[in-house]
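Scope of the values below: all heavy atoms of this structure, side chains included, with no hydrogens, waters or symmetry mates.
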Amino acid sequence: MNEEQRKQGQLVESANPSDKKSEKDYSKYFQSVYIPPSLKEAKKRGKEEVKYHNDFDIPIEFKGLGEGKKFYIRTYGCQMNEHDTEVMAGIFMALGYEATNTTEDADVILLNTCAIRENAENKVFGEIGHLVHLKRENPELLIGICGCMSQEESVVNRILKKHRHVDIIFGTHNIHRLPNILKDAYMSKEMVVEVWSKEGDVIENLPKVRRGNIKAWVNIMYGCDKFCTYCIVPYTRGKERSRRPEEIIQEVRQLAAQGYQEITLLGQNVNAYGKDLEDIDYGLGQLMDDLRSIDIPRVRFTTSHPRDFDDHLIEVLAKKGNLVEHIHLPVQSGSTDVLKIMARKYTREQFLELVRKIKAAIPDVSLSTDIIVGYPNETDEQFEETLSLYREVGFEAAYTFIYSPREGTPAAKMKDNVPMSVKKERLQRLNALVNEFSAEAMKKYVGQVVEVLAEGESKNNPDILAGYTRKNKLVNFKAPKTVIGKLVKVKITEAKSWSLNGEMVEAGPIGAEFQEAEEVK
Ligand code: SAH
Ligand code: SF4
Ligand code: F3S
């Protein structure tokens, strides 16, 4: 490890404290040789140019590392993490490992973690605790923690002190180093900690094993520079880095050729796509326009930030075709004052104006959102403004959360006068409204014929199929299993709060003459 890496909090550290050492000695030992990931470092945004690599290869010395061994990855958090898991699975397979879907069977277990709220972290710590017995039964088992929690120094320190059965900790920026990290773990049988606090370059040709062959995730950018005051993501995922458009287009073309029916473009703030590409003037609008001409039935994106949602993108989305008429547009709060302290950089009025423009261009658009209740010092009036904005927009779905302080973020330092009981009550009231609006939107489908992408058997009844409409409504419907993976026309017979029931009337996509049918009257 050189001095530069130390400064960046970027290191590979193997330590071998004797098991006989007391916990205190152990942490002292680590403090002398171990530099934890640093949220302070992660906050910095440098001017360095992002380098793009296409030369990922598994060096010969790692080939066969996984022969006869099985891996298991449990994923927490957002789609970004799910996609990272697909990349890690690709690397495992390239190393000769086999996948397994039980922890009991595995030789390596990875927990790909999420740091977004305290309860997400608690779940992971609970699971780390459960894994102790497997490690006792099989000391050869490797247990690894990766993903967003690994980027937090408090988490790494807690694992070092309290969960010594963990063998590996690595972060979100060095997934491509998984072969080296595994090898280190086998060679030394010591805890291997490799967390880079600073983002790395963009590596294009990492192997991937996608879950399923109907829908696929496609990263378009990494990181986030928005620094909303409550949010840990800009610290755990580094600065915004866009992939080159030609790489994205090529990946989507390949997916289309392989028969995928739907892709979702991924980024924490996809509306900032392209802003960091200095040699070209190219944004999400252009990208969506280019993807329109690819023969893949559905293209979605997530997540949008209202601030950078521009007119060109609206214009392109209005052309429809394979661009679906559903937009997830997190608002977080309906109060301009709360939005200001959240550093969302738009007002209630600006958000409503954006919605007005979107609806004018795409009259049958379906909007969903994310909302945080109980932000520090949120007043009853401010919360009421969130309810009234929800009604005014007419969102059809929402993910709702109680604010959770995240160490290292500005909001975590704020004094908060809102008792938890009040926050819970607000969440309940908001959820009642969200359910009411969803049920209302669902009701209007009864009797209509909609296009559904048949994804597989329904969760609760294997005799019927399940899939989603273009507007992301879950439909359970009667149809032969042979249509799994295909677009079909389904007549809706019954509406529930969060799903629809129906019967297939015909195979094949809905053409222009049918598209009106999904228009909610
Ligand atoms: N990049 C996405 C959000 C990713 S996190 C965006 O900006 O839209 C998903 C959601 O988690 C956020 O929209 C927000 O509603 C919620 N969230 C983030 N940090 C949170 C916190 N500290 N407490 C509660 N909810 C939080
Ligand atoms: Fe977090 Fe805001 Fe970035 Fe979304 S835009 S990931 S909420 S900082
Ligand atoms: Fe969680 Fe990291 Fe995603 S904190 S929400 S897994 S970017």
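The side chain to side chain contact (heavy atoms under 4.5 Å, CB included) search around A361 returns I314, A318, not counting sequence neighbours. By the side chain to side chain donor-acceptor pair (under 3.5 Å) test, D380 is found to be paired with R426, residues two or more places apart in sequence or in another chain being considered. For the side chain to side chain contact (heavy atoms under 4.5 Å, CB included) test, residues two or more places apart in sequence or in another chain that qualify with Q250 are E247, Q254. Partners of Y282 by ring-ring contact (aromatic ring centres under 6.0 Å, His included), not counting sequence neighbours: none found. Applying the side chain to side chain contact (heavy atoms under 4.5 Å, CB included) criterion to T229, with sequence neighbours excluded, gives M342, A343, Y375, P410, A411. By the side chain to side chain donor-acceptor pair (under 3.5 Å) test, E48 pairs with K198, sequence neighbours left out. Residues satisfying the side chain to side chain contact (heavy atoms under 4.5 Å, CB included) test with A99, not counting sequence neighbours, are F71.
Looking at E204 and N54, their side chains never bring a donor and an acceptor atom within 3.5 Å of each other. With 3.5 Å as the limit, one finds a donor-acceptor pair spanning the side chains of D370 and H328. H53 and D201 share a side-chain donor-acceptor pair at under 3.5 Å. Under 3.5 Å, the side chains of H83 and E86 contain a donor-acceptor pair of N or O atoms.
Note on ring orientation: taking the six-membered ring where Trp is involved, the planes of Y97 and F92 are perpendicular (angle over 60°, cut-offs 30° and 60°).
When each of V155, L160, I159 is tested with N157 by the rule side-chain contact (heavy atoms from CB on, under 4.5 Å), just one qualifies, namely L160.
The stretch residues 385-395 participates, sequence neighbours left out, in these salt bridge (charged side-chain N to carboxylate O under 4.0 Å, His left out) pairs: R348-E392. Residue pairs that meet the salt bridge (charged side-chain N to carboxylate O under 4.0 Å, His left out) test with at least one member in residues 352-362, sequence neighbours left out, are D311-K357, E353-R356. Applying the salt bridge (charged side-chain N to carboxylate O under 4.0 Å, His left out) test to residues at least two apart or on different chains, the pairs with a partner in residues 221-242 are R45-D225, D84-R237, K226-D308. Within the structure, the salt bridge (charged side-chain N to carboxylate O under 4.0 Å, His left out) test picks out the following pairs touching residues 116-126 (sequence neighbours left out): E121-R406.
With a 4.5 Å cut-off on side-chain heavy atoms, K215 and R298 do not count as touching. Within the 4.5 Å cutoff, no side-chain heavy atoms of V324 are placed close to those of L317. A 4.5 Å side-chain heavy-atom check between V192 and D167 finds every atom pair outside the cut-off. Counting only heavy atoms from C-beta outward, the side chains of I91 and P179 approach each other to under 4.5 Å. Counting only heavy atoms from C-beta outward, the side chains of Y222 and R243 approach each other to under 4.5 Å. With contacts defined as side-chain heavy-atom distances shorter than 4.5 Å, the pair S197/Y235 does not qualify. Contact annotation: the side chain of T172 approaches that of C148 to within less than 4.5 Å [non-hydrogen atoms, C-beta and beyond]. Residues W196 and F170 have side chains not in contact (no heavy-atom distance under 4.5 Å, counting atoms from C-beta outward).
The local environment of CD in E349 is crowded, with over 12 non-hydrogen atoms from other residues, nucleotides or ligands closer than 6.0 Å. Dense packing is recorded around OH of Y52, with more than 12 heavy atoms of other residues, nucleotides or ligands lying under 6.0 Å away. Counting non-hydrogen atoms of other residues, nucleotides and ligands closer than 6.0 Å to NZ of K63 gives a total above 12. The local environment of CD1 in I60 is sparse, with at most 12 non-hydrogen atoms from other residues, nucleotides or ligands closer than 6.0 Å. Few gaps surround CZ on R210; more than 12 heavy atoms of other groups in view lie less than 6.0 Å from it. Within a 6.0 Å sphere centred on NZ of K43, other residues, nucleotides and ligands contribute 12 heavy atoms or fewer. Within a 6.0 Å radius of CD in E278, other residues, nucleotides and ligands contribute 12 heavy atoms or fewer.
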Quiz item: Yes or no on side-chain contact (heavy atoms from CB on, under 4.5 Å) for T400 and V373, after CA distance, side-chain angles and deciding distance?
Solution: CA-CA 8 Å; T400 57; V373 302; 5.9 Å; no
Self-check item: Derivation and outcome, side chain to side chain donor-acceptor pair (under 3.5 Å), residues S366 and E396
Solution: CA-CA 6 Å; S366 164; E396 293 189 4; 3.0 Å; yes
Quiz item: Can you list the steps and then say if R244 with D279 is a salt bridge (Lys or Arg N to Asp or Glu O under 4.0 Å)?
Solution: CA-CA 11 Å; R244 304 286 313 180; D279 57 329; 3.1 Å; yes
Quiz item: Stepwise, does the side-chain contact (heavy atoms from CB on, under 4.5 Å) test hold for V434 with L430?
Solution: CA-CA 6 Å; V434 169; L430 175 62; 4.2 Å; yes
Practice problem: Test salt bridge (Lys or Arg N to Asp or Glu O under 4.0 Å) on R158 and E407 and set out the steps. | Solution: CA-CA 14 Å; R158 182 165 159 191; E407 200 183 313; over 6 Å; no
Practice problem: List the steps, then state whether side-chain contact (heavy atoms from CB on, under 4.5 Å) holds for Y230 with Y403. | Solution: CA-CA 8 Å; Y230 50 83; Y403 164 70; 3.7 Å; yes
Practice problem: For salt bridge (Lys or Arg N to Asp or Glu O under 4.0 Å), just list the numbers for D184 and R177, CA-CA rounded to whole Å, side-chain angles, deciding distance to a tenth of an Å, and then say yes or no. | Solution: CA-CA 11 Å; D184 283 354; R177 293 215 3 111; 5.1 Å; no
Exercise. Please lay out, stage by stage, how Y390 and F437 fare under the test ring pair (Phe, Tyr, Trp, His ring centres under 6.0 Å).
Key: CA-CA 9 Å; Y390 199 91; F437 269 67; 5.7 Å; yes
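Although no hydrogens or angles enter the test, the distance criterion places no donor-acceptor pair under 3.5 Å between the side chain of N219 and the main chain of L265. Distance alone, capped at 3.5 Å, places no donor-acceptor pair between the S242 side chain and the M221 backbone.
Electrostatic pairing of D289 and R292 counts as a salt bridge here, judged by a charged N lying under 4.0 Å from a carboxylate O. Using a cutoff of 4.0 Å between basic side-chain nitrogens and carboxylate oxygens, K471 and E325 are not scored as salt-bridged.
Distance CG/L178 to SG/C146: 8.0 Å, rounded to 0.5 Å. Distance check: E378 CD to N417 CG gives 10.5 Å after rounding to the nearest 0.5 Å. Here the straight-line distance linking atom OG1 of T386 with atom CG of L433 works out to 10.5 Å at 0.5 Å rounding. One distance of note links CG of L323 with CD1 of I362; it measures 9.0 Å at 0.5 Å rounding.
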All N/O donor-acceptor pairs, side-chain side in residues 72-80, below 3.5 Å, sequence neighbours left out:
unit_1: Y72; atom_1: OH; unit_2: R74; atom_2: NE; d: 3.0
unit_1: Y72; atom_1: OH; unit_2: R74; atom_2: NH2; d: 2.8
unit_1: R74; atom_1: NH1; unit_2: E127; atom_2: OE1; d: 3.1
unit_1: R74; atom_1: NH1; unit_2: E127; atom_2: OE2; d: 3.0
unit_1: T75; atom_1: OG1; unit_2: T85; atom_2: OG1; d: 2.9

